[in-house]
Amino acid sequence: MLTRFFRPALLKHLGGYNRATLQADLIAGITVGIVALPLAMAFAIASGVTPQAGIFTAIIAGFLISMLGGSRVQIGGPTGAYIVIVYGIVSEYGLANLLLCTIASGVLLFIMGAMRLGGLIRFIPICIVIGFTNGIAVLIMLSQIKDFLGLTVTLPDEFFTKLRVIAQNLDQTNWQAVALSAVCVLAIWFWPKRILTSGDVLKAHEYEPSAEKSDSTGLSKITRFVLDQTMTHTARGWRLLMRIPAPIGVLIIASLVVVLLAPLGLSVETIGSRFAGGIPQGFPEFQWPEISLETLRKLVAPTVTIALLGAIESLLSARVADAQIDDRHDPNQELMGQGIANIVAPFFGGIPATGAIARTATNIRAGGRTPIAGMVHALTLLVIVLIAAPLASYIPLAALCAILIVVSINMGDWHAFREMRRFSLQYRVTLLATFFVTVVFDLTLAVEVGLTLSALFYIFRVSNLTRIERLPLDNAPPGVSAYKLRGSLFFGAVGKIEPLMDPHLNASTFIVLDIRQVFDIDATGMDALLSLNKTLKKRGGQLLLCAPEEIVLNDMERAGFTEKLGQANLVPDLATALERIRDILQAAPQPD
């Protein structure tokens with residue numbers, strides 16, 4: 001019974017698991033673990049917490065998301081989307097309340113999955129997702145200006161105030177940090193994998209010694225031997241670089257540059273200088289956060305924001321992964337797995353975690369086949385922390401800043417701005433409004449504004465589909481008019497029938513409404529029809545409805561509408577309606 005309600009993807013893929021699959025998962029897991037290390041530290045530092053908080057989140061939450069989630073290739077951990085939210089919570093409420101907020105959001109995520117609400121996330125319009133994501137990407141870039149310029153000032157949260165503070169302190173720019181950050185950005189962007197696939201500039205990785213060429217080129221055997229050895233070792237070096245993930249390679253090189261050039265006067269901030277002691281070497285310690293109802297009430301808005309953003313990003317990542325591996329994830333199980341991970345991780349100093357699109361894509365490209373790969377990724381990070389944590393003290397923050405800048409550039413769906421002209425005005429307004437509010441004001445407010453605009457535009461579009469037109473009548477009694485109503489008679493469209501109540505626009509005493517093409521009616525629509533009927537009764541007439549659809553008729557009967565209108569006034573066609581009106585007129589008392 002429990003497995004029907006709670007069935008992780010791991011259980012489905014253990015059957016038939018073999019050595020080849022294990023080997024593929026091990027390789028993919030180790031690769032993703034290496035890629036995740038600098039990202040976890042960068043996201044944590046940008047969020048206003050220690051780098052080990054990001055690493056422990058990737059270890060604990062990443063392991064649980066893979067083990068208990070609904071996708072077989074999803075990789076979980078801290079992501080860039082959370083940077084602004086987490087930073088705001090830490091600066092306003094403190095780290096302890098961030099942990100409490102993360103636990104509460106995990107509970108909310110688990111409840112959403114248990115109530116089978118995973119599919120509802122897909123109802124969020126894509127324009128909101130794009131505007132929100134692009135806005136977060138811009139905020140990440142802005143958050144890295146301080147470290148990019150090597151500034152030591154504390155930046156406020158408010159957008160325009162932040163820009164003003166940066167502008168006022170430009171004279172304190174550390175040009176060494178700027179140079180190192182810029183070089184790291186270019187190095188990540190043009191890492192050998194990109195260079196070697198762009199043309200014939202560097203072909204050393206393809207070089208193989210050829211004995212037949214030694215005589216034809218006119219070179220001596222010694223010269224040819226030296227050239228062969230040089231090119232061979234160069235090729236091996238490029239092959240090695242191509243296997244090293246760009247963030248790791250840049251971190252290693254940047255750290256070596258800092259260590260070697262520090263005696264010569266290079267002065268840039270490192271993890272060791274900002275966080276005394278660097279990253280602790282060992283397992284994370286269990287800590288019990290203080291919980292109070294008064295504090296929880298203050299954290300309702302950020303808790304909901306973390307939960308909704310985590311649900312959106314994780315399910316979006318899982319959907320992207322499904323398209324790449326021709327699979328289908330369980331959204332409800334994914335939410336429950338994400339919820340458990342976010343409940344457990346804060347007890348060990350972790351921050352909010354969700355599915356990470358970039359790391360999930362890396363897992364797929366590296367050959368990951370089952371959730372075991374994600375679990376190996378977490379264990380790889382743990383081994384690195386246990387063995388090499390002290391070395392992290394030499395990592396310059398300029399290199400981590402460069403990583404986040406590249407992440408934010410890749411994170412944004414920038415071409416969507418160019419393509420906006422192809423879409424409707426409603427789409428453009430919603431996307432730009434969500435983007436603008438995300439950047440300038442608040443992420444929670446941005447989602448609210450986006451959803452409100454989408455709902456209003458949808459109501460407007462559907463109301464425009466509701467039409468009412470007058471029908472010609474032959475041999476009808478005086479004071480009778482007929483109309484055909486089509487579409488949805490809901491709160492946004494009741495204005496279409498209000499002119500029928502105006503005696504200056506319609507002086508009829510009897511009105512027949514053909515509603516056979518009305519596919520939906522709500523309580524507001526039924527109330528408007530009863531108001532029309534009441535107005536006609538004051539004139540001595542009546543409202544008659546023709547041929548309601550079965551679903552509409554069922555809604556009317558459930559709401560007691562048919563009883564109030566009168567069952568006899570629901571007729572199958574226009575001819576029957578006219579006969580009914582004649583009968584009413586004949587039965588009416590005649591004036592003396």
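Only this structure's heavy atoms are used, side chains among them; waters, hydrogens and symmetry mates stay out.
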Practice problem: Begin with the C-alpha distance, continue with both residues' side-chain angles, and end with the deciding distance and a verdict on side-chain contact (heavy atoms from CB on, under 4.5 Å) for Arg164 and Gln168. | Solution: CA-CA 6 Å; Arg164 185 171 66 252; Gln168 292 172 348; 3.4 Å; yes
Quiz item: Would you say Phe56 and Val385 make side-chain contact, with heavy atoms under 4.5 Å?
Solution: yes
Exercise. Please answer whether the main-chain N or O of Leu117 pairs with a side-chain N or O of Asn332 as donor and acceptor at a distance below 3.5 Å.
Key: yes
Practice problem: Write down the atom of Ser71, the atom of Ala318, and the distance for their closest heavy-atom approach. | Solution: CB-CB, 4.3 Å
Quiz item: What are the two closest non-hydrogen atoms of Pro352 and Thr57, and how far apart are they?
Solution: O-CG2, 4.2 Å
Quiz item: In this structure, are over 12 heavy atoms from other groups packed under 6.0 Å from Glu285 atom CD?
Solution: no
Quiz prompt | Sub-4.5 Å side-chain heavy-atom contact between Asn363 and His377 | solution = no
Quiz prompt | Gap separating the CZ atom of Arg428 from the CD atom of Glu419, nearest 0.5 angstrom | solution = 12.5 Å
Quiz item: Looking at CG of Asn174 and CG of Leu266, how far apart are the two atoms once the value is rounded to the nearest 0.5 Å?
Solution: 8.5 Å
Quiz prompt | Pair Asp330 + Arg7: basic N to acidic O under 4.0 Å | solution = no
Exercise. Determine yes or no for a side-chain-to-main-chain donor-acceptor pair under 3.5 angstrom, with Thr173 supplying the side chain and Trp175 the backbone.
Key: no
Quiz item: Quick one: does Gln176's side chain have a donor or acceptor within less than 3.5 Å of a partner on Ser267's backbone?
Solution: yes
Exercise. Could you tell me whether a side-chain N or O of Ser66 sits under 3.5 Å from a main-chain N or O of Phe63, the two making a donor and an acceptor?
Key: no
Practice problem: Mind telling me whether Phe436 and Phe441 have parallel, tilted or perpendicular rings, with 30° and 60° as the class edges? | Solution: perpendicular
Quiz item: Rounded to the nearest 0.5 Å, how far apart are CG of Leu142 and OG of Ser408?
Solution: 9.5 Å
Quiz item: Is the backbone of Ile45 close enough, under 3.5 Å, to the side chain of Tyr87 for a donor and an acceptor to pair up by distance?
Solution: no
Quiz item: What's the spacing between Thr354 OG1 and Gln74 CD if we round to 0.5 Å?
Solution: 7.0 Å
Quiz item: Are Val185 and Val406 close enough, and set up right, to give a side-chain contact (heavy atoms from CB on, under 4.5 Å), and what steps lead you there?
Solution: CA-CA 7 Å; Val185 169; Val406 175; 4.2 Å; yes
Quiz item: Counting only heavy atoms not in Tyr458, do more than 12 fall under 6.0 Å of its OH?
Solution: no
Quiz item: How about Gln287: does its CD atom have over 12 heavy atoms from other parts shown lying under 6.0 Å from it?
Solution: yes
Quiz prompt | Full working for side chain to side chain donor-acceptor pair (under 3.5 Å) between Asp413 and His415 | solution = CA-CA 6 Å; Asp413 189 3; His415 76 278; 2.6 Å; yes
Quiz item: Are more than 12 heavy atoms from other residues, nucleotides or ligands located less than 6.0 Å from atom CG of Asp171?
Solution: yes
Self-check item: Side-chain touch Ile130/Tyr427, heavy atoms, less than 4.5 angstrom
Solution: yes
Practice problem: Could you tell me which non-hydrogen atom of Ile351 sits nearest to which non-hydrogen atom of Pro78, and how far apart they are? | Solution: CD1-CB, 4.1 Å
Self-check item: Leu98 side chain near Tyr93 side chain, heavy-atom distance below 4.5 Å
Solution: no
Quiz item: For the side chain of Thr21 and the backbone of Tyr17, is there at least one donor-acceptor N/O pair under 3.5 Å apart?
Solution: no
Exercise. Give the minimum heavy-atom separation between Leu400 and Pro38, together with the two atoms involved.
Key: CD2-O, 3.9 Å
Quiz item: Is any side-chain heavy atom of Ile306 closer than 4.5 Å to a side-chain heavy atom of Ile89?
Solution: yes
Exercise. Taking the six-membered ring for Trp and the single ring otherwise, decide whether the centroids of Phe283 and Phe348 are under 6.0 Å apart.
Key: no
Quiz item: Is atom CZ of Arg274 surrounded by more than 12 heavy atoms (other residues, nucleotides or ligands) closer than 6.0 Å?
Solution: yes
Exercise. Taking Thr161 for its side chain and Pro156 for its backbone only, find out whether a donor-acceptor pair lies under 3.5 Å.
Key: no
Quiz item: If we only count heavy atoms from C-beta on, is the Met141 to Ile409 side-chain gap below 4.5 Å?
Solution: yes
Quiz item: Any chance OH of Tyr394 has more than 12 other-residue heavy atoms, nucleotides or ligands included, within less than 6.0 Å?
Solution: no
Quiz item: Is Gln333 reaching over with its side chain to a backbone N or O of Gly70, donor-acceptor style, under 3.5 angstrom?
Solution: no
Quiz prompt | Heavy-atom pair with the smallest gap, counting every atom of Ala446 and Thr438 | solution = CB-OG1, 3.0 Å
Exercise. Mind running side-chain contact (heavy atoms from CB on, under 4.5 Å) on Asp322 and Val73 for me, showing each step along the way?
Key: CA-CA 9 Å; Asp322 287 348; Val73 293; over 6 Å; no
Quiz prompt | CD1-CG distance between Ile30 and Leu379, expressed to the nearest 0.5 angstrom | solution = 10.0 Å
Quiz item: Do Phe347 and Ile60 touch side chain to side chain, with heavy atoms closer than 4.5 Å?
Solution: no
Self-check item: Nearest heavy atoms of Ile75 and Thr360, plus distance in Å
Solution: N-OG1, 3.1 Å
Self-check item: Worked check of side-chain contact (heavy atoms from CB on, under 4.5 Å) between Ile395 and Met41
Solution: CA-CA 10 Å; Ile395 296 175; Met41 291 190 293; 3.6 Å; yes
Quiz item: Can you check whether Thr152's main-chain N or O pairs, donor with acceptor, with Gln172's side chain at less than 3.5 Å?
Solution: no
Quiz item: Okay, side chain of Asp25, backbone of Thr370: is any donor-acceptor separation there less than 3.5 Å?
Solution: yes
Self-check item: Spatial distance of atom OG1 (Thr303) from atom CG (Leu308) [nearest 0.5 Å]
Solution: 11.0 Å
Practice problem: Please check if any side-chain donor atom of Asn342 sits under 3.5 Å from a side-chain acceptor atom of Thr102, or the reverse. | Solution: no
Self-check item: Side chains of His329 and Arg72 in contact at under 4.5 Å (non-hydrogen atoms)
Solution: no
